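These notes are about the structure you will find just below.
Keep in mind it's a predicted model, so treat the numbers as computed, not measured. Reminder, nothing fancy here: chain letters follow the sequence lines and each chain counts from 1.
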2 protein chains.
Amino acid sequence: MNNNKQLITTIRQFNRFYANILGLLDQHVLNTGYSLTEARIILEIGFIQPCIANQLVDKLTIDRSYMSRIITKLSNDGILSKETSTTDNRISLIHLTSKGMTLFNQLNERSDEQIMKLLHDLSQEEIAEIHNAMLLIQRKLGGDLHDTI
Amino acid sequence: MNNNKQLITTIRQFNRFYANILGLLDQHVLNTGYSLTEARIILEIGFIQPCIANQLVDKLTIDRSYMSRIITKLSNDGILSKETSTTDNRISLIHLTSKGMTLFNQLNERSDEQIMKLLHDLSQEEIAEIHNAMLLIQRKLGGDLHDTI
DNA sequence: CATTATTAGTTGACATAGTCCACAAAAAAG
DNA sequence: CTTTTTTGTGGACTATGTCAACTAATAATG
């Protein structure tokens, strides 16, 4: 852990680089009229519905009041609907409406398209290399994420 | 480019994963009393000083008016100083004060520390693997960043 | 060199995003 | 039952970022 100066420089460079990529992807997933945070919420609901607001709060680490407002907005927009749980009156079970599902599919398609564009002039072999590199990073760095930082 | 469904899922998973890492790092680079954007500006000035505001606007893609306000704030805080160019009276040459340099070094140290913590219980071999993986991703994806998205 | 176009920077007004705190209703724990 | 915790909401606020208009200085062009 001593002579890693150059390594750390590389990693910080990678971080700036990848933050840039993510930023560009974000901007383009948008154009649905919804913000990044709203899109994340819609995607998350789509994946795990039915769900409750507090689940989303924990999973996406978004403030509860903020979540409440966004859910109200999405409900008013007809993207999602809430029904009070029969077993716990505090809880609303949230799920996407058919309009919401359409949006969910759109968001997914656009995300996929962006990834494909990113890879568009690479060979299958190169893509496989990237794939492996990502799996490796995630595997190696994934374990201690919440313990060490 | 046809049966890449699983691959795209992996990449999107990696993106969420890495967005999370970057978010966590960001939060911790902070605690200097300055926001992420302010920190980015301070770091950039530190690296390329002396510089002019418009350079920073282009490099960091931040709105000019916003940049103007942040620079004014940092100037008031004694982090940076401006001197009008002798050859072009529109331009201010910005550089960090000694207080600003101290902060710059702090930000750098904290960034480095965060990276080290991220790697702390990996072997040198594993670290080298991550290093190579990041270099590969950056090399493969770096070229077409601005052309394709 | 006089006119026009560009560039650098600033300000006001506004929009968007996110946070903090206090509260009420329901449920769980004691 | 009483206390504590959980879920969700709303008010008030701060932070972050955007848009348009404007001045002053310089560069470009006929």
Rounded distance (Å) that lies between atom P of C:dA8 and atom CD1 of B:Ile71: 13 Å

Could you tell me how far apart B:Asp58 (CG) and C:dT7 (P) are, to the nearest whole angstrom? 11 Å

Is a donor on one side and an acceptor on the other found under 3.5 Å between the side chain of A:His120 and the backbone of A:Lys117? yes

Mark yes when over 12 heavy atoms from residues, nucleotides or ligands other than A:Lys59 sit less than 6.0 Å from its NZ; otherwise mark no. no

Between atom CG in B:Leu56 and atom P in C:dT10, what is the gap in whole Å? 12 Å

Within the structure shown, what part of the strands sits under 4.0 Å from B:Thr72 by heavy-atom distance: base, sugar-phosphate, or nothing? nothing

Figure out the CG/P separation between B:Leu93 and C:dA8, and round it to whole Å. 13 Å

Whole angstroms only, please: what is the CG-C1' distance between A:Asp88 and C:dA25? 11 Å

Could you tell me if the side chain of B:Asp112 sits less than 4.5 Å from the side chain of A:Thr9, heavy atoms only? no

Exam field: side chain B:Ser75 to backbone B:Ile71, donor-acceptor pair closer than 3.5 Å: no

Without swapping roles, check the side chain of B:Glu44 against the backbone of B:Leu56 for a donor-acceptor pair under 3.5 Å. no

Sugar-phosphate only, base, or nothing, as touched by B:Asp63 at under 4.0 Å among non-hydrogen atoms: base

Measuring to OP1 and OP2 of C:dG9, would you say a side-chain N or O of B:Asn54 lies under 4.0 angstrom away? yes

Under 4.0 Å from a heavy atom of chain B: give me the 5'-most and 3'-most nucleotides of DNA chain D that qualify. D:dT16 to D:dT26

Whether the side chain of A:Thr97 engages the backbone of A:Ile79 through a donor-acceptor N/O pair (distance < 3.5 Å, no angle test) should be reported. yes

By nearest-heavy-atom nucleotide on DNA chain D, the more 5' of A:Arg69 and A:Ile91 is A:Ile91

Among the nucleotides C:dG12, C:dT19, C:dA8, which one has an atom lying closest to any side-chain atom of A:Ser65? C:dT19

To the nearest Å, give me how far apart CG (B:Leu80) and P (C:dG9) are. 12 Å

Give the rounded distance in Å between these two atoms: CD1 of B:Ile52 and C1' of C:dG9. 11 Å

Rounded to the Å, how far apart are B:Arg64 CZ and C:dT10 P? 10 Å

B:Ser35-B:Thr37 side chain donor-acceptor pair, cut-off 3.5 Å: no

